[in-house]
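Have a look at the structure below before the remarks.
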Amino acid sequence: MKLMNNARLKSRVDAVNNATANSAWFDFEVFSFNANELIILGSRDFSYYHQLEIKFLDVAYFSGTPSWGSNPHITAVFSLIEESKALKVLQEKKVNGYFEVFEFPTDDGASIIIAALDIVVNMDTVYYYLRENLKENERIADWVKS
């Protein structure tokens, strides 16, 4: 079994880590998980907004809690696991097929593990309240009523 582990996915993971690099903390939560699509949100303050959406496509495996904080002692909040370790994870979890394995180290020392074929990253700021004069890359959450 060979993983795809390509430059396109690595650049998306790097973009997430660069966007969160200056945060003393960054929290994550599972927004939705249906069929084979998992959406994880990231924010410095979930009371008002989120600044990150990571959509995992063709998910074969997810292990973790519905919400977690990033590990403040690790600069990368998110990583694409290197091939030999990823193959071991896939074999241990009895996941068949070609999937990339992603990891979020948590503030309690655990890890969130996801096996998926692809990811889509959106770094808009999404507000949880009505707000006027939105700037570029800002929007109101779909569930907020106008």
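None of the values given here were measured: they were computed from a predicted structure. Here, residue 1 is the first one in the sequence, and each next residue gets the next number.
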Ignoring hydrogens and angles, tell me if any N or O in the side chain of Q91 forms a donor-acceptor pair with the backbone of K88 under 3.5 Å.
-> no
Quick one: list whatever passes ring pair (Phe, Tyr, Trp, His ring centres under 6.0 Å) with Y128, sequence neighbours left out.
-> H50, W143
May I ask you to decide if the ring planes of Y127 and Y49 are parallel, tilted or perpendicular, using 30° and 60° as cut-offs?
-> perpendicular
Shared hydrophobic cluster for L38 and F78 (ILVMFWY, side-chain gaps under 4.5 Å) | yes
Flag yes if V126 and V16 sit in one hydrophobic cluster, no otherwise; membership is Ile, Leu, Val, Met, Phe, Trp, Tyr, and two members link when side-chain heavy atoms are under 4.5 Å apart.
-> no
Hits for side chain to side chain contact (heavy atoms under 4.5 Å, CB included) against S79, two or more places apart or cross-chain, chain-then-number order -> E103
Apply the test ring-ring contact (aromatic ring centres under 6.0 Å, His included) to residues F56 and F102: give CA-CA distance (whole Å), side-chain angles for both, the deciding distance (0.1 Å), then the verdict.
-> CA-CA 10 Å; F56 293 85; F102 303 88; 5.4 Å; yes
Distance, nearest 0.5 Å, that separates CG of D58 from OH of Y98 = 15.5 Å
Give the minimum heavy-atom separation between A76 and P105, together with the two atoms involved.
-> O-CG, 4.0 Å
Side chain proximity check, F46 to D27, heavy atoms < 4.5 angstrom | yes
Do L9 and E100 have side-chain heavy atoms sitting under 4.5 Å apart?
-> yes
Check which hydrophobic residues are tied to L57 through side-chain heavy-atom contacts below 4.5 Å, counting indirect links as well, and list them.
-> V120
Compare all side-chain heavy atoms of I114 with those of F104 and state whether any distance is below 4.5 angstrom.
-> yes
Hey, could you give me the OG/CH2 distance between S111 and W68, rounded to the nearest 0.5 Å?
-> 11.0 Å
Checking N17 side chain against V77 main chain: does a donor-acceptor pair fall under 3.5 Å?
-> yes
Evaluate side chain to side chain donor-acceptor pair (under 3.5 Å) for S47 paired with D45, printing each intermediate quantity in order.
-> CA-CA 5 Å; S47 299; D45 188 347; 3.2 Å; yes
V144 and D142, any side-chain heavy atoms less than 4.5 Å apart | no
Point-to-point distance, once rounded to the nearest 0.5 Å, from CD1 of I40 to NZ of K55 = 13.0 Å
For I39 and E29, what are the C-alpha separation, side-chain angles and deciding distance, and is it a side-chain contact (heavy atoms from CB on, under 4.5 Å)?
-> CA-CA 9 Å; I39 300 174; E29 65 181 37; over 6 Å; no
Start with the C-alpha gap between V30 and F62, add the side-chain angles, then the distance that decides, and say whether side-chain contact (heavy atoms from CB on, under 4.5 Å) holds.
-> CA-CA 11 Å; V30 173; F62 169 76; 3.9 Å; yes
Are any side-chain N or O atoms of E83 and backbone N or O atoms of A86, one a donor and one an acceptor, separated by less than 3.5 Å?
-> no
What one should report as the nearest heavy-atom pair of A19 and M123 is CB-SD, 3.4 Å
Can we say K10 and E82 salt-bridge, meaning some charged N sits less than 4.0 Å from an Asp/Glu carboxylate O?
-> no
Pick from L41, T106, T65, L52: which one makes a side chain to side chain contact (heavy atoms under 4.5 Å, CB included) with F28?
-> L52
Are side-chain heavy atoms of N71 and D108 found at a separation under 4.5 Å?
-> no
Under the criterion side chain to side chain contact (heavy atoms under 4.5 Å, CB included), which of L80, I54, D118 is the partner of R12?
-> D118
Are I113 and I74 grouped together when hydrophobic residues (ILVMFWY) are joined by side-chain heavy atoms under 4.5 angstrom apart?
-> no
Heavy-atom distance under 4.5 Å between the side chains of L117 and F99, does that happen here?
-> yes
Do side-chain atoms of Q51 reach the backbone of D124 as a donor and acceptor pair under 3.5 angstrom?
-> no
